[in-house]
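Accompanying notes for the structure given below.
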Amino acid sequence: MRPERVWHVHRTSWLQEVLTVVMPRKFLTFRGGVAPMAVGFGPLLLLALVAACSDDTTNQQTKPIELGMTNTMAPYYSDMELTLYQAQMPVQLPVRKPTSNEMSALSKAVAPYPRTPFLTAEDESVEVHYTISNIDSQQHVVWLLIDPWNEFVRWDPGVSVVSDEETTPNWGYDLPFVVPAKSRIDGTLTPDDMHEIAIKLASVENMLASPQAKAAAAAAMADAGGTAPDDPNATDNNQGFDPTTSANNIMNPQNRSNGGDVLYTPWIPSEIAGLTGFDLGIRTTEAANVAVEISMQIQDLQGNRFVAGDSTDPQIGMPPVILRPPGAR
């Protein structure tokens with residue numbers, strides 16, 4: 001089943017409006033494990049606002065969050081076969097930090113987590129509205145990137161060098177759009193989409209923690225040349241288990257947790273940690289002046305897991321562990 005997506009193309013004269021909105025702002029990029037920093041990149045700049053518009057913790061509408069990329073940026077990744085231009089930034093959901101008593105009650109380990117999650121996928125409803133803008137006079141294929149977090153890990157897929165002739169980006173929840181010249185595309189990631197993203201992260205976390213994945217990763221790093229353990233989910237028992245391929249299969253938006261995929265469904269854990277944030281990104285394979293703006297509708301289905309946007313209460317924050325496919329760059 002394909003994810004539910006809605007988008008519209010606007011062919012209006014909006015270039016001046018876009019430049020007026022973004023010119024006075026700062027441009028943020030974010031890479032895994034590196035703190036965000038403000039950098040100027042010519043005429044197109046960026047603003048990030050993650051505050052909520054409401055003090056109601058059960059139903060919040062966030063202010064716009066904007067991310068831009070200019071044609072003067074250096075490539076995010078480049079080799080003889082592939083060049084990627086990419087910008088990313090962290091987007092933190094206002095999840096409340098659990099109290100010491102609550103943490104004590106969560107001490108029991110639940111695979112694949114070191115303890116019971118404070119926030120589960122059933123505790124929240126998140127809807128993301130996005131607008132992807134192309135300021136250039138030619139069309140671009142622009143990828144919208146959502147690399148999810150839960151309270152334990154942050155997904156940072158990177159790229160995999162398959163051979164001397166092939167390098168491929170690994171999958172987060174990545175959606176490609178053809179954006180016409182001087183146009184924009186509007187769309188929505190529904191609560192069902194965002195719930196699916198939480199399941200995907202939990203499943204990848206579970207798969208990468210498995211003995212099969214650890215053994216395969218160890219063999220690859222040691223370059224031992226031996227046969228990796230068989231994939232327990234494979235139809236061919238002689239097929240070696242590749243955790244990177246499995247992670248990409250799970251994260252691919254075209255594969256859904258209710259689709260019966262034999263390389264996805266068996267890795268879904270019984271407990272699904274909720275999304276506490278994500279890295280928002282845009283990507284092209286050519287230099288471009290493009291941007292994305294999102295706003296979110298957040299519902300606290302338990303009534304006690306989120307804080308109001310203007311609250312100073314402690315939040316759970318960015319997870320401490322970066323999760324990547326084996327060998328990713």
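- Minimum heavy-atom separation, L189 to L175: CD2-CD1, 3.7 Å.
- Among the candidates T72, T284, D136, T70, the single residue satisfying the side chain to side chain donor-acceptor pair (under 3.5 Å) test with N289 is D136.
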Counting only pairs under 3.5 Å, give me each side-chain donor-acceptor contact of residues 106-117, with atom names and distances, residues two or more places apart or in other chains.
{"from": "S107", "atom 1": "OG", "to": "S104", "atom 2": "O", "distance (Å)": "3.1"}
{"from": "Y113", "atom 1": "OH", "to": "E271", "atom 2": "O", "distance (Å)": "3.3"}
{"from": "Y113", "atom 1": "OH", "to": "A273", "atom 2": "N", "distance (Å)": "3.0"}
{"from": "R115", "atom 1": "NH1", "to": "E151", "atom 2": "OE2", "distance (Å)": "2.8"}
{"from": "R115", "atom 1": "NH2", "to": "E151", "atom 2": "OE2", "distance (Å)": "3.0"}
{"from": "T116", "atom 1": "OG1", "to": "K108", "atom 2": "O", "distance (Å)": "3.1"}

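- D261 and N249 are linked by a side-chain donor-acceptor pair at a separation below 3.5 angstrom, with hydrogens and angles left out of the test.
- Between the side chains of T131 and D186, a donor-acceptor pair is found at a separation under 3.5 Å.
- Within the structure, salt bridge (Lys or Arg N to Asp or Glu O under 4.0 Å) contacts touching residues 75-89 (residues at least two apart or in different chains) do not occur.
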Test log, rule side chain to side chain contact (heavy atoms under 4.5 Å, CB included), inputs V95 and F306: CA-CA 4 Å; V95 181; F306 287 76; 3.7 Å; yes
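- In this view, E196 and I199, K200, R256, S257, Y264 satisfy the side chain to side chain contact (heavy atoms under 4.5 Å, CB included) rule, not counting sequence neighbours.
- In this view, E102 and R96 satisfy the salt bridge (Lys or Arg N to Asp or Glu O under 4.0 Å) rule, not counting sequence neighbours.
- The shortest distance between side-chain heavy atoms of I146 and I197 falls below 4.5 Å.
- Among residues at least two apart or in separate chains, there is no ring-ring contact (aromatic ring centres under 6.0 Å, His included) pair with a member in residues 78-100.
- Checked against side chain to side chain contact (heavy atoms under 4.5 Å, CB included), P243 has the following partners two or more places apart in sequence or in another chain: M207, L208, A213, A216, F241, P326.
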Derivation of the salt bridge (charged side-chain N to carboxylate O under 4.0 Å, His left out) call for R324 and D156: CA-CA 5 Å; R324 309 190 84 194; D156 182 22; 3.3 Å; yes
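- Between N134 and P180, the shortest heavy-atom contact is ND2-O, 3.1 Å.
- Placement of L82 and V161 within a single hydrophobic cluster is found when ILVMFWY residues are connected by side-chain heavy-atom separations under 4.5 Å, directly or transitively.
- In terms of heavy atoms, L275 sits closest to E124 at N-OE2, 2.5 Å.
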